[in-house]
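Have a look at the structure below before the remarks.
Just the heavy atoms: all of them, side chains too, but no hydrogens, waters or symmetry mates, feed the values below.
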Amino acid sequence: MRKILVLEDEDSIRGFVVINLKRAGYEVVEAATGEEALDRLAENPDVSVALLDIMLPDIDGFEVCRRIRATNMNIGIIMLTARTQEIDKVTGLMTGADDYVTKPFSPTELTARIDAVCRRVGIEENTQSKDELRRGPFILNMENRTLDRGAKRIKLTQVEYTIIKLFMESPGKPMSREDILHSVWGKDYFGDLKIVDVNIRRLRMKIETDPQNPEFLCTVWGFGYKWGK
Ligand code: CA
């Protein structure tokens with residue numbers, strides 16, 4: 001059974017989310033503060049996805065996200081944002097979240113997002129290729145789902161890994177943002193295209209020597225991106 005962490009300080013919202021997730025068949029771990037969430041995660045290393053509220057009484061949801069990602073690149077992270085926090089969506093994704101859901105959300109929307117994140121982060125993936133892809137200074141190991149640049153291991157989230165794999169499999173091929181969104185997030189994803197740009201920006205900071213002048217994740221103006229100049 002999939003285990004989900006729900007971090008939300010407002011009892012009524014947390015109760016609503018927890019009841020609906022349990023009804024949908026998830027096992028749920030609850031937390032009302034950021035510190036509590038980090039403790040619960042340490043006690044429950046088998047949590048698949050964490051739902052993080054942003055405005056909390058102690059440390060905010062972005063900081064919780066950063067601290068989780070410092071040690072765990074595999075867990076799925078979804079930020080719970082308020083409608084007025086448009087800018088926070090991008091900040092959340094830059095700190096390593098995989099997705100965001102805007103409040104108020106329906107139980108159906110929330111479980112759809114959780115399922116999508118589970119699929120994307122490869123939690124259910126058991127058909128892993130044992131191959132390696134080598135492109136320039138990079139080696140993508142598809143068995144271990146790791147990326148090395150020379151002797152240096154680059155820490156990637158599972159979503160970032162999926163994006164890099166997509167590019168490294170088709171070097172030089174221009175891909176539209178829609179193509180990338182559909183390949184990585186799935187055809188049923190109903191978020192916006194901005195999530196593609198945010199992830200590319202974050203990846204450039206990780207893999208490029210000069211993220212402002214990328215050599216690998218290059219922009220195709222007015223269209224999208226491609227691997228290589
Ligand atoms: Ca809150």
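- Applying the salt bridge (charged side-chain N to carboxylate O under 4.0 Å, His left out) criterion to Glu35, with sequence neighbours excluded, gives Arg67.
- Between the side chains of Asn199 and Glu160, no donor N or O sits under 3.5 Å from an acceptor N or O.
- Under 4.0 Å is where a charged nitrogen must lie from a carboxylate oxygen, and between Asp53 and Lys103 at least one such pair does.
- Residues forming a salt bridge (charged side-chain N to carboxylate O under 4.0 Å, His left out) with Asp58 (at least two apart in sequence, or on another chain): none.
- Put simply, the side chain of Phe216 reaches to within 4.5 Å of the side chain of Pro137, judged on heavy atoms.
- The salt bridge (charged side-chain N to carboxylate O under 4.0 Å, His left out) search around Glu208 returns none, not counting sequence neighbours.
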Thr111 and Arg23: CA distance, side-chain angles, deciding distance, side chain to side chain donor-acceptor pair (under 3.5 Å) verdict
CA-CA 10 Å; Thr111 50; Arg23 236 177 241 158; over 6 Å; no

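- Considering only heavy atoms from C-beta on, Ile75 stays 4.5 Å or farther from Leu5 through its side chain.
- The salt bridge (charged side-chain N to carboxylate O under 4.0 Å, His left out) check on Glu109 picks up Arg113, with sequence neighbours excluded.
- Applying the side-chain contact (heavy atoms from CB on, under 4.5 Å) criterion to Ile154, with sequence neighbours excluded, gives Phe138, Leu147, Arg149, Leu156, Lys206, Ile207.
- Within the 3.5 Å criterion, the main-chain N or O of Ile68 finds no donor-acceptor partner in the side chain of Asn72.
- Screening residues 220-229 for side chain to side chain donor-acceptor pair (under 3.5 Å) gives Asp197-Tyr225 as the qualifying pairs, with residues at least two apart or on separate chains.
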